> 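Starting off with a structure, shown below.
Whatever order the structure lists ligands and atoms in, that order sets their numbers, starting from 1. None of the values given here were measured: they were computed from a predicted structure.
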Amino acid sequence: MTLPPARTAALPFPDGFLWGASTAAHQIEGNNVNSDWWRKEHDPAAKIQEPSLDACDSYHRWEQDMDLLAELGFTDYRFSVEWARIEPARGHFSQAEIAHYRRMVEGALARGLRPMVTLHHFTIPQWFEDLGGFTADGAVELFARYVEECAPIIADGVSHVCTINEPNMVAVMAGLAKRGEQGFPPAGLPFPDEETTHAMIAAHHAAVRAVRSINPEIQVGWTVANQVYQALPGAEDVTAAYRAPREDVFIEAARGDDWIGVQSYTRTKIGVDGPVPAPDDAERTLTQWEYYPQAVGYALRHTAELVGPGVPLIVTENGMATADEDRRIAYYAGALDAVAACIEDGIDIRGYLAWSALDNYEWGTYKATFGLISVAPGTFERTAKPAAHWLGGLGRERVLPRL
Ligand code: BGC
């Protein structure tokens, strides 16, 4: 294994820096049977490659996941609670599921992991989908009521809450669905559904108010998928116009939040006629995205500039799908070098959470392995990969690498 060069110029973590990994309920828990995604996965017309089924069985094995993350050297764990479990039928709130997620919060704290709790990560209850989803009449109020019902989970000991993960991807997926397509959008992103964009922003603002009324000490924000649109010569205006509805409107909606999450994986070059694919000989990850670890630096700089002062940034997802641990470590090393450079330039960055803690259900397939920890099919046995040890080691040293 070739490790990245010696970290002679390592940058110490800023005080209180979050250092961890992220997951999402539907991608790891298994058997999320009351959700819209479960229904889609079993609908032949949706043409989804494979269903999630048991996923990583983290619904039952979350303690093992947390044990491993803490042992590796991480201090933070971002996971989501599943609306479709908490409110499986409209107006019926499962106290058993609320207690389950509260045990997870307490389990994280007991292991020295600060929990960051995401309230919505792509999936919705099937009954909410049947109503028409976020653009239906009364949808924002229904989402806010669900958030209020999460009070027993988050009221104590949760420092960070993410209301909605990647609302821009939700709006893009809604646009795809209206055009009769289903599933997870390709990099570069088709045009988002504008009605859904407005609804997501309204839902976020209602959820922020609900979280603050549960406990004003909770730091609340949302996370935006950043595609790192890079203008080819002469395409600066086209790029700005391309980015505005896909990204900027969601970043601007975070002004007034306690933080904003930056999630980036690759870049998209834009020419005068729109996106230009990476050359055939470019290195690609298992999701076919261009290998481009520097992306996160661009995403952080753009977000900081747009959101303005007073809203700190947290990298809430970053990583690559690969079967090659040398490349995964090289990706993280390159990405963290870019994060360190942003911090040195004075950008207020409060944490870095890798995507993902586990090899998980990548919205249609198990083949795209983003995990720091592998999960054996059938036995669900967890094994920390070399990148997990490498990143965890940085957590113990409390330094970011400078290459
Ligand atoms: C999502 C994750 C997803 C990851 C990799 C993000 O868009 O939040 O759920 O697995 O990217 O595709």
Side-chain angles (χ1 to χ4, degrees), residues 20-30 32 35-38 40-41 48-50 52 55-56 58 77-84 116-124 162-176 183-190 192 200 204 221-228 246-247 250-251 260-268 284-293 295-296 299 303 314-322 328 331-332 335 352-373 375 387:
S22 297
T23 58
H26 187 78
Q27 294 179 269
I28 63 165
E29 284 182 343
N32 186 18
S35 69
D36 64 329
W37 260 85
W38 184 270
K40 280 192 201 77
E41 289 165 19
I48 290 186
Q49 259 175 283
E50 55 179 327
S52 55
C56 308
S58 287
Y77 181 38
R78 172 179 174 227
F79 60 90
S80 73
V81 298
E82 182 56 56
W83 185 6
M116 174 188 278
V117 176
T118 303
L119 300 171
H120 175 274
H121 195 124
F122 293 159
T123 43
I124 50 179
C162 165
T163 60
I164 298 172
N165 177 73
E166 295 187 349
N168 49 336
M169 295 294 266
V170 177
V172 165
M173 286 190 264
L176 278 179
F184 200 59
L189 299 190
M200 298 317 287
H204 170 59
W222 71 352
T223 66
V224 178
N226 195 302
Q227 302 297 314
V228 184
R246 289 170 174 80
E247 212 163 278
F250 299 92
I251 296 173
I260 179 167
V262 174
Q263 313 201 151
S264 84
Y265 292 89
T266 187
R267 66 173 163 186
T268 305
R284 286 170 195 277
T285 71
L286 289 176
T287 44
Q288 296 309 312
W289 302 340
E290 183 188 1
Y291 173 91
Y292 189 65
V296 68
T303 305
I314 302 174
V315 177
T316 35
E317 285 183 26
N318 184 231
M320 74 179 288
T322 182
R328 194 189 313 280
Y331 183 96
Y332 279 125
Y352 181 90
L353 306 174
W355 185 269
S356 178
L358 303 170
D359 282 343
N360 60 34
Y361 183 64
E362 176 57 27
W363 307 110
T365 176
Y366 281 105
K367 294 197 178 69
T369 43
F370 278 95
L372 295 174
I373 298 167
V375 179

> Name the residues with a heavy atom less than 4.0 Å from ligand 1?
Gln27, His121, Phe122, Asn165, Glu166, Phe184, Gln263, Tyr265, Trp289, Glu317, Trp355, Glu362, Trp363, Phe370
> Could you tell me which residues satisfy ring-ring contact (aromatic ring centres under 6.0 Å, His included) with Phe79, sequence neighbours excluded, listed by chain and number?
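Checked Phe79 against ring-ring contact (aromatic ring centres under 6.0 Å, His included); matches are Tyr77.
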> With sequence neighbours left out, which residue pairs that include part of residues 162-174 fulfil the salt bridge (charged side-chain N to carboxylate O under 4.0 Å, His left out) condition?
none
> Ignoring hydrogens and geometry beyond distance, is a side-chain donor-acceptor pair present between Ser52 and Gln27 at under 3.5 Å?
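The answer is no; no qualifying pair exists.
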> Have Ser22 and Glu317 got a donor and an acceptor in their side chains that come within less than 3.5 Å?
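Judged by distance alone, the side chains do not pair up.
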> Under the side chain to side chain donor-acceptor pair (under 3.5 Å) rule, collect the residues that match up with Trp83, sequence neighbours excluded.
Glu87
> Do Asn168 and Gln227 get their side chains close enough for a donor-acceptor pair, meaning under 3.5 Å?
no
